[in-house]
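Comments concern the structure below.
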Amino acid sequence: MKIAVLTSGGDSPGMNAAVRTIAVSGKGRGHEVVGIRRGYEGLLEGDAIPLDPAGVDSITRLGGTVLGSARSQVFPTPEGQARARAQLKALGLDALVVIGGNGSLTGAHLLGADRPVTIVGLPASIDNDIGHSGLAIGVDTAVNTIVESCDRISDTARAHRRAFLVEVMGRNCGFLAMRAGIAAEANAILYGEKQLSEDELVDRLRQVLRRCFGPGQAQKRVLILKSESVTVPTARLTKRLQEHLAEDAPGVDIRETVLGHLVRGGNPSALDRMLAMRLAYAGIHALEQGIHDVMLAWEPPGGHGRPTADPSVRIVPLAEVLEETKRLLDGSSPVIQKRMELLSQAEDLLTI
Ligand code: F6P
């Protein structure tokens, strides 16, 4: 087979480990492998380069994506779809591996509708907002980066007895804030799925400040993790809390930090490298079996989808992935309900 691989959408740590595995195991199993540069944008231009094992040596440890990425506006249009199909043909491809998040997997499903080549997707997005994907490539590194950043912020916060509101990426999904918040000993975690109004958020945080910093309280810092999925701007929330500080936490100051793209970069953790490699390896096997329009998912044994030879990797049709993704984002998925239930139970303990 002639197999192409592309990375698309927001880059995530571990994408390079997946690319290298496709190149090395593809070649080792007798296939020709090419890399498409700049995601679907590059596909529209037929921008392919040979991917030999020597050329991808040592890229596993690198953050970002050596192939480059893009968010293509043209690819989903009828004109873009026709151009992409023409380029698949012109490049003489038999198969395509798409590594990316929601938008990229939606694109893979669209392109695969009439099976121009065999297509599989690998979930890669720091947001962890992809249906039937327990852990996407990049999530673990992003969580570790947030926790490390919060530890540093906590050092300086403790020195001055301050409160910090730290905003983290995640688009419409609160997963990063939830997981990192627990690990960093946050005193409150704000996530969009809870759909609190601005006034409700302010009330909740005032309670937290009073409990931690009120008269007789010995706490040295307050850490509040706020997900990007909460639409109230972080600076605005901080300002509103500042207006009540004299009453809620006398003598204490509150500051804000937006971690932004810092959370998306950096060398991938060992877990991200390993799961990216195992998903990619299973992807090559799926292509060899002619399995089309699916995502390889990092799921517990017995989870959704069909099993593979790897007990942690399952095969899920992209149509099912995209349906479940919608449910994750509108909050109707049992996965979200369970996450919120567990976090609500922990909420009272966070301020202790
Ligand atoms: O989807 C990954 C992500 O990093 C989100 O967390 C964030 O909202 C978005 O991408 C930012 O995208 P961009 O870098 O294109 O502005």
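Fair warning: this is a prediction, and the values are worked out from it, not measured in the lab. In listed order, ligands and their atoms are each counted from 1.
Separating the CG atom in L165 from the CD1 atom in I224 is a distance of 5.0 Å, to the nearest 0.5 Å. Considering CG of L67 and CG of N16, their distance stands at 7.5 Å, rounded to 0.5 Å.
Of the protein's non-hydrogen atoms, R71 NE, 3.0 Å is the one closest to atom 15 (O) of ligand 1. Protein heavy atom nearest atom 11 (C) of ligand 1, with residue, atom name and distance: R264 NH1, 3.6 Å. Considering only non-hydrogen protein atoms, atom 14 (O) of ligand 1 sits nearest to H261 NE2, 2.7 Å. Of all protein heavy atoms, the one closest to atom 7 (C) of ligand 1 is E228 OE1, 3.7 Å. R171 NH2, 3.6 Å is the protein heavy atom nearest to atom 9 (C) of ligand 1. The protein heavy atom nearest to atom 1 (O) of ligand 1 is D127 OD2, 2.7 Å.
Contacts classified as salt bridge (Lys or Arg N to Asp or Glu O under 4.0 Å) and involving residues 333-346 (residues at least two apart or in different chains) are given here: K338-E341.
Under the 4.0 Å criterion applied to side-chain N and carboxylate O atoms, R83 and E79 are assigned as salt-bridge partners. Ion pairing between a basic and an acidic side chain is recognised when a charged N comes within 4.0 Å of a carboxylate O; R240 and D199 show such pairing.
If you check the side chains of H132 and E320, you find no donor sitting under 3.5 Å from an acceptor.
Note: an N/O pair closer than 3.5 Å links G170 and ligand 1 by distance alone.
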